[in-house]
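Each remark here refers to the structure printed beneath this line.
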There are 2 protein chains.
Amino acid sequence: MSVTIKDVAKLADVAPSTVSRVIANNPRISEKTKRKVKEAMEYLGYHPNFNARSLANRSTQAIGLVMPSSADKAFQNPFFPEVIRGISTMAHEQEYALYMSTGNTEDEIFEGVVRMVQGRRVDGIVMLYSRVDDRIMCYLQEQSFPFTVIGKPFKNADSITHIDNDNFKAAQEMTEYLLSLGHERIGFVGGNLNLVVTIDRLLGYEKAIRNAGLSYKDEYIVHEEFLKEGGQEAVKELLALENPPSALLVMDDLMSFGVLSTLNELGLSVPEDISLLSFNNVMLSELSSPSLTSVDINIFQLGYEAAKGLLECIQSPGKPAKRVAVPFELIERQSCKNVK
Amino acid sequence: MSVTIKDVAKLADVAPSTVSRVIANNPRISEKTKRKVKEAMEYLGYHPNFNARSLANRSTQAIGLVMPSSADKAFQNPFFPEVIRGISTMAHEQEYALYMSTGNTEDEIFEGVVRMVQGRRVDGIVMLYSRVDDRIMCYLQEQSFPFTVIGKPFKNADSITHIDNDNFKAAQEMTEYLLSLGHERIGFVGGNLNLVVTIDRLLGYEKAIRNAGLSYKDEYIVHEEFLKEGGQEAVKELLALENPPSALLVMDDLMSFGVLSTLNELGLSVPEDISLLSFNNVMLSELSSPSLTSVDINIFQLGYEAAKGLLECIQSPGKPAKRVAVPFELIERQSCKNVK
DNA sequence: AACCTATCTGTATACGCTTTCAGAATCCAA
DNA sequence: TTGGATTCTGAAAGCGTATACAGATAGGTT
């Protein structure tokens with residue numbers, strides 16, 4: 001079939017083990033032999049078989065990606081491509097490849113992960129989300145399989161290497177920003193409440209509201225899916241209030257797009273009638289009209305650091321877990337108005 | 001270390017080969033033994049080692065994805081997540097996993113592909129783009145490695161299974177649509193000219209223009225990258241003409257967003273001053289204001305069919321190459337105006 | 001010349017699974 | 001009871017690589 005180490009060995013007139021050592025660049029092989037073997041490899045067009053190598057080696061040079069369970073929906077959010085780009089960049093630096101298993105239901109995803117882990121298809125896993133009581137995360141911990149999380153683990157955060165923004169602080173600061181613009185009725189448009197990021201930000205929001213001496217009103221809090229439809233629903237609920245908010249803190253730019261177009265339909269304009277501040281700063285947020293004031297959470301870097309952390313876990317298993325906080329930054333555009 | 005086939009064999013009091021046959025669901029094994037073995041597997045929490053299996057089997061149950069060489073940029077285009085979602089859906093149906101190798105430069109990508117192929121990391125490859133004289137495509141053909149292409153191969157199209165829209169026809173029809181609205185000065189905002197899709201559409205556009213008895217003007221043709229910046233550049237060039245177009249046929253919604261925001265800045269409005277018709281119908285195209293009239297090219301299905309075709313290639317190597325044409329559909333929204 | 005190091009290379013086995021081939025067990029007809 | 005067909009199972013040889021261990025070679029010392 002294809003060229004093996006033995007063919008190379010024969011041609012170079014050495015033993016297979018020698019060839020293997022040349023591949024591994026083992027210092028015990030003389031330069032002369034190395035050259036000879038390399039020539040033979042070149043001549044035959046030899047390429048090592050990864051499966052054989054993995055088997056002997058117990059390592060695959062691949063890392064697995066776990067997407068949130070509604071993989072199809074989520075993939076539409078530019079957050080994921082961008083975070084994957086970050087992961088992929090780091091992975092590539094160390095010659096790791098990416099492996100994705102997919103599925104539509106919760107169970108399928110879980111099964112996919114089990115196969116990745118038990119089948120030794122990957123050396124470690126990056127979880128692209130963090131939510132309350134996640135089965136997959138529990139499983140990985142039980143197996144003590146190397147993994148890192150993007151977002152804060154709901155429990156055992158100390159013993160799991162994770163990468164996130166300080167979402168509590170971010171939400172608090174952003175709420176304070178809106179307060180500083182004179183808004184006192186600030187709505188919170190959150191995503192799925194099972195996601196830790198939603199919880200953290202809600203707490204930050206609450207903190208800021210209370211610090212300002214305002215009362216925290218449940219009716220100003222709305223939770224929807226992270227997509228544009230979510231944004232649309234949210235607006236309807238909030239505007240139906242007798243005293244509707246003058247500003248919204250929205251968890252995702254995509255939801256903001258939904259909010260924006262719904263407001264448009266209702267004949268309300270941003271920021272004149274209502275201000276919008278959202279998170280993620282995806283590429284398109286500067287192109288909408290009005291352009292969105294948004295928190296740049298450095299998605300690329302989240303991915304990059306997550307992969308980096310994972311590779312550390314893999315390469316030095318002893319190391320204690322750590323947390324990396326990726327900085328965030330408010331990008332002011334046109335969707336917030338000073339009402340003072 | 002972990003549980004192997006031997007452990008299961010020992011517990012079930014059979015030979016390893018029997019266990020292997022149970023896994024493969026070989027009909028030559030009696031139901032009784034199967035049950036016994038399955039219980040043992042269950043009890044021990046056995047999972048087959050994929051590397052060992054691949055090695056013995058010469059198959060990996062994984063398919064590789066090749067992104068265009070500027071992987072980082074391209075990933076930002078919603079086209080890719082969506083096409084990957086399609087691929088992933090099909091792959092999952094047949095229990096295949098996805099494998100991505102990445103790189104920043106042309107050479108890195110190529111090296112990645114070689115490693116995937118020679119290292120037997122994947123059973124086949126889906127090329128997510130098609131362009132003129134592509135090194136990777138040539139390589140795959142030389143190696144007669146199973147692969148399919150999304151888009152039309154520049155050469156040897158007959159011998160390569162590929163999935164695309166009929167882009168020539170699509171562009172022709174869309175140009176005719178604009179003509180039917182009364183536009184006679186139609187600009188063509190194309191993407192990278194190395195991409196076959198750009199060429200096909202340009203030809204379709206030209207055909208429609210000539211059929212209508214209009215003259216084909218070079219100055220109405222602009223080529224930019226497929227991103228928003230591209231859109232911005234394009235507008236500036238076209239509006240500088242002494243007789244600027246009244247309608248633009250834009251190759252990608254993302255470019256249209258760029259066009260839209262640039263026009264905004266220049267104080268021109270769509271569709272009053274200029275009409276916009278673009279391709280892809282990405283999720284956000286209905287949310288912009290005005291919402292975009294766009295050609296839905298069924299990105300998901302492109303991916304789905306590409307994966308399906310690939311799996312056929314893999315599973316029955318003899319089969320002749322085929323072409324699948326995915327239908328397209330014009331989605332009329334607000335960005336085109338009837339000027340008759 | 002004999003011996004010892006230091007350096008390099010080869011032999012053999014393991015990694016976990018699949019598969020060929022042969023052999024054992026079972027069953028039924030003669 | 002024997003023979004032959006049929007069904008099921010096991011032993012063993014790969015798949016292509018890594019590595020422990022032993023062996024060979026070269027170089028230097030006494």
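Every chain is numbered from 1 and lettered A, B, ... according to where its sequence line falls, protein lines coming before strand lines. These numbers come from the heavy atoms of this one structure, side chains and all, not from hydrogens, waters or symmetry mates. Here the structure is a predicted model, which means the values were calculated and not measured.
- Taking side-chain N and O atoms only, S30(A) has no distance below 4.0 Å to OP1 or OP2 of dC8(C).
- Nucleic acid contact for S54(A): none, since no nucleic acid atom lies under 4.0 Å from a heavy atom of the residue.
- Side-chain proximity of R58(A) to the nucleotides dT11(C), dG16(C), dA11(D) is greatest for dG16(C).
- Of all nucleotides listed (dT17(D), dG16(C), dT9(C)), dT9(C) comes nearest to the side chain of T33(A).
- Within 4.0 Å of S17(B), counting heavy atoms only, lies at least one base atom of the nucleic acid.
- Looking only at atom types and distance, the side chain of D123(B) has no donor-acceptor partner in the side chain of Q61(B) under 3.5 Å away.
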Quiz item: Could you go step by step and tell me if N165(B) and V197(B) meet the side chain to side chain contact (heavy atoms under 4.5 Å, CB included) rule?
Solution: CA-CA 9 Å; N165(B) 310 102; V197(B) 57; over 6 Å; no

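- Residues Y129(B) and D134(B) bring a donor and an acceptor atom of their side chains to less than 3.5 Å of each other.
- When the side-chain nitrogen and oxygen atoms of R21(A) are compared with OP1 and OP2 of dT17(D), none of them lie within a distance under 4.0 Å.
- The residue P16(A) sits apart from the nucleic acid: no heavy atom pair falls under 4.0 Å.
- Nucleic acid contact class of T4(A) (heavy atoms, under 4.0 Å, all strands): sugar-phosphate only.
- Atom NZ of K6(A) and atom C1' of dG16(D) are 7 Å apart (whole Å).
- Spacing between atom CD1 of I5(B) and atom P of dC15(C) amounts to 14 Å, rounded to whole angstrom units.
- At the phosphate of dT19(D), neither OP1 nor OP2 sits under 4.0 Å from any side-chain N or O atom of S20(A).
- V19(B) comes within 4.0 angstrom of nothing in the nucleic acid, heavy atoms only.
- The backbone N or O of N51(A) lies less than 3.5 Å from no partner atom in the side chain of N51(B), so there is not a single donor-acceptor pair.
- A residue-by-residue look at K32(A) and A24(B) shows that K32(A) has its nearest nucleotide of DNA chain C further toward the 5' end.
- Comparing R53(A) and R28(B) by the nucleotide of DNA chain D whose heavy atom lies nearest to each, the residue mapping closer to the 5' end is R28(B).
- Across V126(B), L128(B), T89(B), a single residue satisfies side-chain contact (heavy atoms from CB on, under 4.5 Å) together with I84(B), and that is L128(B).
- Within 4.0 Å of F50(A), counting heavy atoms only, lies no atom of the nucleic acid at all.
- Summary of the strand contacts: L55(B) and P27(B) both lie near DNA chain D, and taking for each the nucleotide with the nearest heavy atom, the more 5' one is attributed to P27(B).
- Nearest to the side-chain atoms of I23(B) among the listed nucleotides dG10(C), dT18(C), dA18(D) stands dT18(C).
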